[in-house]
Amino acid sequence: MKIAIMGAMPEEVAPILEKLGEYKTTQYANNKYYEATYKGVDLVIAYSKIGKVFSTLTATTMIEHFGCEKLLFSGVAGAISPSLKVGDLIIATKLSQHDLDITAFGHPFGYVPEGAVFVEADKDLISLGKKVALEMNKVVQEGVIATGDQFVANEERKNFIGSTFNADALEMEGASVAVVCDALSVPFFILRAISDAADMDASFSFDEFLETSAVESAEFVMKMVDKLVD
Ligand code: ADE
(Lines give C-alpha, C1' and ligand atoms only; values in the text may rest on other atoms or scores of the structure.)
Protein backbone atom coordinates (compact mmCIF):
# COMPACT_ATOMS: atom_id res chain seq x y z
CA MET A 1 0.00 0.00 0.00
CA LYS A 2 1.20 3.51 -0.79
CA ILE A 3 -0.15 6.34 1.36
CA ALA A 4 -0.02 10.05 0.56
CA ILE A 5 0.39 12.46 3.45
CA MET A 6 -0.25 15.99 2.41
CA GLY A 7 -0.14 19.45 3.94
CA ALA A 8 -0.28 22.92 2.43
CA MET A 9 2.65 24.59 4.17
CA PRO A 10 6.15 23.44 5.16
CA GLU A 11 5.19 23.70 8.85
CA GLU A 12 2.40 21.18 8.28
CA VAL A 13 4.64 18.38 6.97
CA ALA A 14 7.86 19.16 8.91
CA PRO A 15 6.80 17.15 12.01
CA ILE A 16 6.10 14.13 9.77
CA LEU A 17 9.44 14.34 7.99
CA GLU A 18 11.17 14.74 11.36
CA LYS A 19 9.55 11.57 12.63
CA LEU A 20 10.57 9.63 9.51
CA GLY A 21 14.18 10.82 9.62
CA GLU A 22 15.21 9.35 6.26
CA TYR A 23 13.47 10.00 2.99
CA LYS A 24 14.16 10.46 -0.70
CA THR A 25 13.38 13.86 -2.23
CA THR A 26 12.07 14.03 -5.79
CA GLN A 27 11.43 17.26 -7.65
CA TYR A 28 8.33 17.04 -9.84
CA ALA A 29 5.95 19.62 -11.35
CA ASN A 30 7.53 22.52 -9.48
CA ASN A 31 7.27 20.83 -6.12
CA LYS A 32 9.18 18.47 -3.83
CA TYR A 33 7.87 15.00 -2.97
CA TYR A 34 9.37 13.06 -0.09
CA GLU A 35 9.29 9.26 -0.31
CA ALA A 36 9.89 7.01 2.67
CA THR A 37 9.25 3.48 3.86
CA TYR A 38 7.60 3.41 7.26
CA LYS A 39 6.91 0.11 9.04
CA GLY A 40 6.97 -1.65 5.66
CA VAL A 41 4.59 0.75 3.94
CA ASP A 42 5.46 3.31 1.27
CA LEU A 43 4.67 6.92 2.11
CA VAL A 44 4.74 9.96 -0.16
CA ILE A 45 4.75 13.28 1.69
CA ALA A 46 4.40 16.77 0.24
CA TYR A 47 3.19 20.23 1.02
CA SER A 48 1.32 21.71 -1.90
CA LYS A 49 1.62 25.45 -1.22
CA ILE A 50 -1.48 27.35 -0.18
CA GLY A 51 -4.80 27.25 -2.02
CA LYS A 52 -7.11 25.15 -4.15
CA VAL A 53 -5.06 25.16 -7.36
CA PHE A 54 -1.76 24.04 -5.82
CA SER A 55 -3.48 21.46 -3.62
CA THR A 56 -5.32 20.06 -6.63
CA LEU A 57 -2.02 19.71 -8.49
CA THR A 58 -0.29 18.02 -5.56
CA ALA A 59 -3.12 15.60 -4.76
CA THR A 60 -3.39 14.63 -8.43
CA THR A 61 0.39 14.15 -8.69
CA MET A 62 0.51 11.99 -5.58
CA ILE A 63 -2.16 9.72 -6.99
CA GLU A 64 -1.44 9.71 -10.73
CA HIS A 65 2.35 10.04 -10.75
CA PHE A 66 3.37 8.43 -7.44
CA GLY A 67 0.57 5.85 -7.30
CA CYS A 68 -0.81 6.66 -3.83
CA GLU A 69 -3.88 4.61 -2.89
CA LYS A 70 -5.04 6.56 0.18
CA LEU A 71 -4.57 10.21 1.06
CA LEU A 72 -4.35 11.78 4.50
CA PHE A 73 -4.27 15.56 4.82
CA SER A 74 -2.83 17.24 7.89
CA GLY A 75 -2.93 20.95 8.61
CA VAL A 76 -4.51 23.90 10.38
CA ALA A 77 -7.85 25.66 10.01
CA GLY A 78 -9.85 28.61 11.20
CA ALA A 79 -12.71 27.76 13.56
CA ILE A 80 -16.30 28.65 12.76
CA SER A 81 -17.99 26.55 15.42
CA PRO A 82 -17.62 28.26 18.82
CA SER A 83 -16.91 24.84 20.34
CA LEU A 84 -13.60 24.66 18.44
CA LYS A 85 -10.68 26.35 20.20
CA VAL A 86 -7.04 26.81 19.19
CA GLY A 87 -5.30 23.41 19.19
CA ASP A 88 -8.55 21.40 18.87
CA LEU A 89 -8.78 18.81 16.11
CA ILE A 90 -11.55 18.47 13.54
CA ILE A 91 -12.10 15.54 11.19
CA ALA A 92 -13.93 16.54 8.00
CA THR A 93 -17.06 14.51 7.31
CA LYS A 94 -17.67 16.44 4.09
CA LEU A 95 -16.16 19.45 2.35
CA SER A 96 -17.36 22.27 0.15
CA GLN A 97 -15.85 25.15 -1.85
CA HIS A 98 -17.25 28.28 -0.19
CA ASP A 99 -15.94 30.61 -2.93
CA LEU A 100 -17.47 28.70 -5.83
CA ASP A 101 -20.29 30.99 -6.89
CA ILE A 102 -22.55 30.77 -9.94
CA THR A 103 -25.58 31.76 -7.91
CA ALA A 104 -26.34 34.28 -10.69
CA PHE A 105 -27.64 31.25 -12.64
CA GLY A 106 -29.85 30.03 -9.81
CA HIS A 107 -27.43 27.45 -8.42
CA PRO A 108 -26.58 27.15 -4.72
CA PHE A 109 -23.21 28.38 -3.42
CA GLY A 110 -20.53 25.72 -3.87
CA TYR A 111 -22.23 24.10 -6.85
CA VAL A 112 -21.44 23.88 -10.55
CA PRO A 113 -23.30 21.64 -13.01
CA GLU A 114 -22.04 18.02 -12.85
CA GLY A 115 -20.37 18.79 -9.54
CA ALA A 116 -21.77 18.60 -5.99
CA VAL A 117 -21.96 21.11 -3.14
CA PHE A 118 -20.32 18.62 -0.76
CA VAL A 119 -17.80 15.79 -1.17
CA GLU A 120 -17.84 13.19 1.61
CA ALA A 121 -14.64 11.92 3.18
CA ASP A 122 -14.01 8.17 3.45
CA LYS A 123 -16.13 6.62 6.19
CA ASP A 124 -13.61 3.89 7.10
CA LEU A 125 -10.84 6.44 7.58
CA ILE A 126 -13.18 8.59 9.71
CA SER A 127 -13.94 5.51 11.88
CA LEU A 128 -10.23 4.86 12.20
CA GLY A 129 -9.72 8.49 13.17
CA LYS A 130 -12.33 8.16 15.92
CA LYS A 131 -10.58 5.03 17.19
CA VAL A 132 -7.25 6.85 17.26
CA ALA A 133 -8.87 9.76 19.12
CA LEU A 134 -10.19 7.36 21.77
CA GLU A 135 -6.82 5.69 22.16
CA MET A 136 -5.04 9.03 22.40
CA ASN A 137 -7.67 10.20 24.88
CA LYS A 138 -8.33 13.23 22.69
CA VAL A 139 -11.61 14.97 22.03
CA VAL A 140 -11.83 15.24 18.27
CA GLN A 141 -14.82 16.90 16.66
CA GLU A 142 -16.28 15.75 13.33
CA GLY A 143 -17.80 18.34 11.05
CA VAL A 144 -18.13 20.15 7.77
CA ILE A 145 -15.07 21.96 6.42
CA ALA A 146 -15.43 24.80 3.91
CA THR A 147 -12.56 25.63 1.58
CA GLY A 148 -11.77 28.73 -0.45
CA ASP A 149 -8.94 30.79 -1.84
CA GLN A 150 -9.24 33.33 0.97
CA PHE A 151 -7.65 33.70 4.37
CA VAL A 152 -10.78 34.59 6.32
CA ALA A 153 -10.21 37.23 8.97
CA ASN A 154 -13.69 38.72 9.08
CA GLU A 155 -16.71 37.80 11.23
CA GLU A 156 -19.19 38.59 8.49
CA ARG A 157 -17.56 36.29 5.92
CA LYS A 158 -17.01 33.60 8.53
CA ASN A 159 -20.69 33.72 9.57
CA PHE A 160 -21.79 33.60 5.94
CA ILE A 161 -19.69 30.46 5.36
CA GLY A 162 -20.94 28.94 8.60
CA SER A 163 -24.60 29.47 7.82
CA THR A 164 -24.45 28.73 4.07
CA PHE A 165 -22.57 25.43 4.37
CA ASN A 166 -23.31 24.54 7.99
CA ALA A 167 -19.52 24.53 8.25
CA ASP A 168 -17.57 24.12 11.48
CA ALA A 169 -14.15 25.14 10.18
CA LEU A 170 -12.62 26.73 7.13
CA GLU A 171 -9.32 26.46 5.31
CA MET A 172 -7.87 26.72 1.80
CA GLU A 173 -7.22 23.20 0.44
CA GLY A 174 -9.51 20.47 1.79
CA ALA A 175 -12.36 20.59 -0.71
CA SER A 176 -10.08 20.67 -3.75
CA VAL A 177 -8.20 17.62 -2.46
CA ALA A 178 -11.59 16.00 -1.82
CA VAL A 179 -12.73 16.63 -5.41
CA VAL A 180 -9.53 15.04 -6.78
CA CYS A 181 -9.70 11.97 -4.52
CA ASP A 182 -13.40 11.47 -5.19
CA ALA A 183 -12.91 11.68 -8.96
CA LEU A 184 -9.99 9.23 -8.84
CA SER A 185 -11.68 6.88 -6.30
CA VAL A 186 -8.95 7.31 -3.68
CA PRO A 187 -10.14 7.18 -0.05
CA PHE A 188 -9.20 10.38 1.76
CA PHE A 189 -9.16 11.85 5.25
CA ILE A 190 -8.84 15.56 6.07
CA LEU A 191 -7.71 16.50 9.56
CA ARG A 192 -7.19 20.05 10.79
CA ALA A 193 -6.06 21.57 14.06
CA ILE A 194 -7.46 24.99 14.84
CA SER A 195 -5.01 27.89 14.57
CA ASP A 196 -7.45 30.83 14.77
CA ALA A 197 -11.11 31.83 14.84
CA ALA A 198 -11.27 33.39 11.32
CA ASP A 199 -12.03 36.74 12.97
CA MET A 200 -10.24 40.09 13.03
CA ASP A 201 -7.40 38.59 15.12
CA ALA A 202 -7.00 35.60 12.80
CA SER A 203 -3.71 36.55 11.18
CA PHE A 204 -2.03 37.13 14.57
CA SER A 205 -3.46 33.93 16.02
CA PHE A 206 -2.45 32.00 12.89
CA ASP A 207 1.15 33.22 13.14
CA GLU A 208 1.27 32.38 16.82
CA PHE A 209 -0.28 28.91 16.68
CA LEU A 210 0.53 27.57 13.19
CA GLU A 211 3.46 25.48 14.38
CA THR A 212 1.97 24.01 17.55
CA SER A 213 -1.38 23.26 15.90
CA ALA A 214 0.37 21.72 12.88
CA VAL A 215 2.25 19.41 15.25
CA GLU A 216 -1.04 18.35 16.93
CA SER A 217 -2.50 17.45 13.55
CA ALA A 218 0.65 15.71 12.24
CA GLU A 219 1.01 13.56 15.37
CA PHE A 220 -2.59 12.43 15.02
CA VAL A 221 -2.17 11.61 11.33
CA MET A 222 0.95 9.55 12.05
CA LYS A 223 -1.03 7.56 14.64
CA MET A 224 -3.55 6.92 11.86
CA VAL A 225 -0.71 5.67 9.65
CA ASP A 226 0.39 3.36 12.49
CA LYS A 227 -3.11 1.87 12.51
CA LEU A 228 -3.26 1.57 8.72
CA VAL A 229 0.02 -0.39 8.59
CA ASP A 230 -0.94 -2.73 11.47
N1 ADE B 1 -6.32 28.26 7.72
C2 ADE B 1 -6.14 28.53 9.02
N3 ADE B 1 -6.84 29.62 9.37
C4 ADE B 1 -7.47 30.06 8.27
C5 ADE B 1 -8.32 31.16 7.98
N6 ADE B 1 -8.68 32.02 8.93
N7 ADE B 1 -8.77 31.30 6.71
C8 ADE B 1 -8.41 30.42 5.76
N9 ADE B 1 -7.61 29.37 5.97
C10 ADE B 1 -7.14 29.18 7.21
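In this text the structure is predicted, and so the values were computed from the model without any measurement. Sequence positions, counted from 1, serve as the residue numbers for this chain. Indexing begins at 1, ligand by ligand and atom by atom, following the structure's order.
Note on Lys39 versus Asp226: salt bridge recorded, some NZ/NE/NH1/NH2 to OD/OE distance being below 4.0 Å. A salt bridge links Glu135 and Lys227; the closest N-O separation between the charged side-chain nitrogens and carboxylate oxygens is under 4.0 Å. Between Lys52 and Glu171 no salt bridge is recorded (no basic side-chain N to carboxylate O distance below 4.0 Å).
Summarising the hydrophobic clusters (Ile, Leu, Val, Met, Phe, Trp, Tyr; side-chain heavy atoms under 4.5 Å, direct or chained), the residues clustered with Phe206 are Met9, Ile50, Val76, Phe151, Met172, Leu210.
For Phe160, the ring-ring contact (aromatic ring centres under 6.0 Å, His included) criterion is met by Phe109, not counting sequence neighbours. Residues forming a ring-ring contact (aromatic ring centres under 6.0 Å, His included) with Phe220 (at least two apart in sequence, or on another chain): none.
At a 4.0 Å heavy-atom cut-off, the residues surrounding ligand 1 are Val76, Ala77, Gly78, Gln150, Phe151, Val152, Leu170, Glu171, Met172, Ser195, Asp196, Ala198, Phe206, listed by chain and number.
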